[in-house]
Structure formats: structure tokens, C-alpha cells
A.B. asks: 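Here it is, the structure, as C-alpha cells.
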There are 2 protein chains.
Amino acid sequence: MDAVVSRISSRRRLHAHACPIRDVLDRIGDAWSLLTLFTLEPGPLRFNELRRRVDDISQRMLSVTLRQLERDGLVSRTVTPTKPPQVEYALTELGQSLMVPVGALAAWASAKQPFIQRHRAAYDQAAEENPDDPSL
Amino acid sequence: MDAVVSRISSRRRLHAHACPIRDVLDRIGDAWSLLTLFTLEPGPLRFNELRRRVDDISQRMLSVTLRQLERDGLVSRTVTPTKPPQVEYALTELGQSLMVPVGALAAWASAKQPFIQRHRAAYDQAAEENPDDPSL
DNA sequence: CCGAATCCGGTTGGATACTG
DNA sequence: CAGTATCCAACCGGATTCGG
């Protein structure tokens, strides 16, 4: 397991990482990638339709995110040169295969979130009540 | 699936998110959390030992990361008040349970990374060869 | 040994305006 | 419709310094 996560540089600075999990997390972990992938899961969508569904994403971020995802082969971009040009985005096979482990993670998150929320609240309250941290 | 990922605000600004998956990704997706969790998986470690293993993490980031993880109940912090105080960090049961879906994701990443790498390289080269993007 | 606090540069990402 | 370009604020994270 030490071989999998080894010697990462910080977030995107030195991306000379041979670490696959950090690689995928750097892509997936950013603010919008996962959200976009999930929105695309039911079926292909055009740019503005996608924008409407995600709805508080800026058009810049959607654009950037889509290019990243396309670069990694997770989504495909198809241009139909009609009157107003039409562009459709869709999950590739790779993108769909990613949804499986991500789904597992989502399930974990859903299941454990209540606990985490409570733990977090308790932690915060404890810290608030005695600002003189008795930790050391 | 639309209920799971809904209406996220940007990264950490408005964390009024009821979205569990984004919640967990915000924790896991940052530069050091996962790396720390993996390093802690074999067994409990003290602060500086942990620091040595992760080795290019700054002490500040290790400190911050550990506090976040403790807040969420993923790691525990145990202080033994000996001569020089001794502090041990360990995965909680929750932390260990997280390693399962994360492991699946890591496996996916390992398996698909060669493909992604090639796809990425091809994409970059194509973009480099004709800077006049024929996209629209 | 185990941290917390401060300073500060680089990056992320939103708003806006413009192109085709 | 489908983006790109520019400007700018907020944030992340490294280096350093100080305390228990």
C-alpha cells in the first residue's frame, strides 16, 4: 500500500506523480468534476442544458471541467455543425466504469454522514467550551 | 442520483452542503488526507514518525490534516503524559471502514491509469499540433 | 517532542464582457 | 448556442517562529 501512495507533491504543482490514486483524486476531487459526471450519467447533454442542471456552476468552470474530463477520456465531446452549432457531452465507457467505485464511495458517504455530522458537531462544541485546549 | 449530488457551493466557502459525497470528497480530496490515512493504515504512529513517513508534508499541513480527520472521527488522538508527552494517532473504526471503498477507487485508478496517461498525452499532442482549435 | 500562530506567494475560481 | 479572455478576490499551503 506504500507503493500506491508515495511521495506526492502538493496538489497540482509537481504533477510528476506516479501515484494513480492521487492522480484520480486530483481529477475527481476538484469542486465540479464529480458533480458533472453524475449529472451526465443518465445520458448525454448539451452545454447549456448541463449548465442548467448543475445550476450554480459558472460557465467558465463548466468549460474548464469538461475539458479536463475530456482530456482524461472520461467524457466525450461531439460537435454537430448545424445552424447554431450543437455540442453534446456524454460519459465514455471509461467514465461509466468510474461511476462504479465512486458509487461505492458515495454509498459509504451517505451511510456514514449522520455519524460524521454528529462527531463534527460534538468536536466543535467541545473546542468551543474550553478554548484552553487540554491536548498537551 | 440527483438527490445525492445537489447544489454544491464552491469548495469550502459555503459548506452548507447537504451532499454527503461532496462532503467526503472535500475531506478526502485535499492534498494530504488520503496520504495520511494510508500511512496510518498499518498501525498507530506518533506525530514525528508520521511526518517522517509522509516525508514531504510540512508540519503545519500534517497538523491541520490530522485535526480535520480527528474532527470527522476518522482518526483518534491519544495523549500519554509521559516525560516528553507522547501523542499517538490511529485510524478509528470509521476510518478503517473508509479504506474499503477508497481501496476500490485506488484499484480502479491503478488499472485505468495507463489508459488515462495515453489518452492525456494524445489529447495534449493533438492540441499542440493544431492550436487553431477546430471545435466550433 | 508536539504542536500553534503569523506571514505571504501562488493558485483557484467567480463576474463580466467579448467572439463565432 | 457554445464557448474564450481578462480581471480580481478568496483560499491553500510552505517557511518560519514561538510555546508547553
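Below, chain A is the first sequence line, B the second, and so on; all start at residue 1. Reckoned from all heavy atoms, side chains included, excluding hydrogens, waters and symmetry mates. Not measured: the values here are computed from a predicted model.
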A.B. asks: Return no unless some side-chain N or O of A/Arg77 is found under 4.0 Å from OP1 or OP2 of D/dG3.
C.D. replies: yes
A.B. asks: To the nearest Å, how far apart are A/Leu50 CG and D/dC1 P?
C.D. replies: 13 Å
A.B. asks: Contact between A/Leu94 and B/His119 at the side-chain level, heavy atoms closer than 4.5 Å - yes or no?
C.D. replies: no
A.B. asks: How bent is the helix from C/dC1-D/dG20 to C/dG20-D/dC1, comparing axes over its five end pairs at each side, to the nearest 10°?
C.D. replies: 40°
A.B. asks: Roughly how many Å is it from CD in A/Gln68 to P in D/dG3, rounded to a whole number?
C.D. replies: 15 Å
A.B. asks: With side chains defined as the heavy atoms from C-beta onward, is the minimum distance between B/Val54 and B/Phe38 less than 4.5 Å?
C.D. replies: no
A.B. asks: Can you check the B/Met61 CE to D/dC11 C1' distance for me, whole Å?
C.D. replies: 11 Å
A.B. asks: Between atom CD in A/Gln86 and atom C1' in D/dG3, what is the gap in whole Å?
C.D. replies: 15 Å
A.B. asks: Roughly, in whole Å, what's the span from CG in A/Leu62 to P in D/dT4?
C.D. replies: 11 Å
A.B. asks: Under 4.0 Å between a side-chain N/O of B/Arg60 and OP1 or OP2 of C/dA5, yes or no?
C.D. replies: no
A.B. asks: Between A/Ser58 and B/Asn48, name the one whose nearest nucleotide on DNA chain C is closer to the 5' end.
C.D. replies: B/Asn48
A.B. asks: Do A/Glu93 and A/Ser97 have side chains that get closer than 4.5 Å, going by heavy atoms?
C.D. replies: no
A.B. asks: Taking distance alone, no hydrogens or angles, what donor-acceptor pairs closer than 3.5 Å link side-chain atoms of residues 62-71 of chain B to residues at least two apart or in another chain?
C.D. replies:
residue, atom, partner, partner atom, Å
B/Thr65, OG1, B/Met61, O, 2.6
B/Arg71, NH1, A/Asp124, OD1, 2.7
B/Arg71, NH1, A/Asp124, OD2, 2.4

A.B. asks: Calculate the interatomic distance between A/Leu69 atom CG and D/dG3 atom C1'; express it in whole Å.
C.D. replies: 16 Å
A.B. asks: With sugar-phosphate meaning primed atoms plus P, OP1 and OP2, does B/Arg67 contact a base, only sugar-phosphate, or nothing at under 4.0 Å between heavy atoms?
C.D. replies: sugar-phosphate
A.B. asks: For C/dC2, take OP1 and OP2 only and decide whether either is under 4.0 Å from a side-chain N or O of B/Ser63.
C.D. replies: no
A.B. asks: Grab the CG-P distance between A/Asp30 and D/dC12 for me, whole Å please.
C.D. replies: 15 Å
A.B. asks: Can you spot which of A/Ile28, A/Asp30, A/Val102 makes a side chain to side chain contact (heavy atoms under 4.5 Å, CB included) with B/Leu25?
C.D. replies: A/Ile28
A.B. asks: Under 4.5 Å between any side-chain heavy atoms of B/Ile57 and B/Leu35, yes or no?
C.D. replies: no
A.B. asks: With hydrogens left out and only the distance checked, is there a donor-acceptor pair under 3.5 Å joining B/Gln59's side chain and the base of C/dA5?
C.D. replies: no
A.B. asks: Could you tell me how far apart A/Asp56 (CG) and C/dA15 (C1') are, to the nearest whole angstrom?
C.D. replies: 15 Å
A.B. asks: With sequence neighbours left out, what residues match B/Arg52 under salt bridge (charged side-chain N to carboxylate O under 4.0 Å, His left out)?
C.D. replies: B/Glu49
A.B. asks: Taking for each residue the nucleotide of DNA chain D bearing the nearest heavy atom, is the 5' side occupied by A/Val64 or by A/Arg52?
C.D. replies: A/Arg52
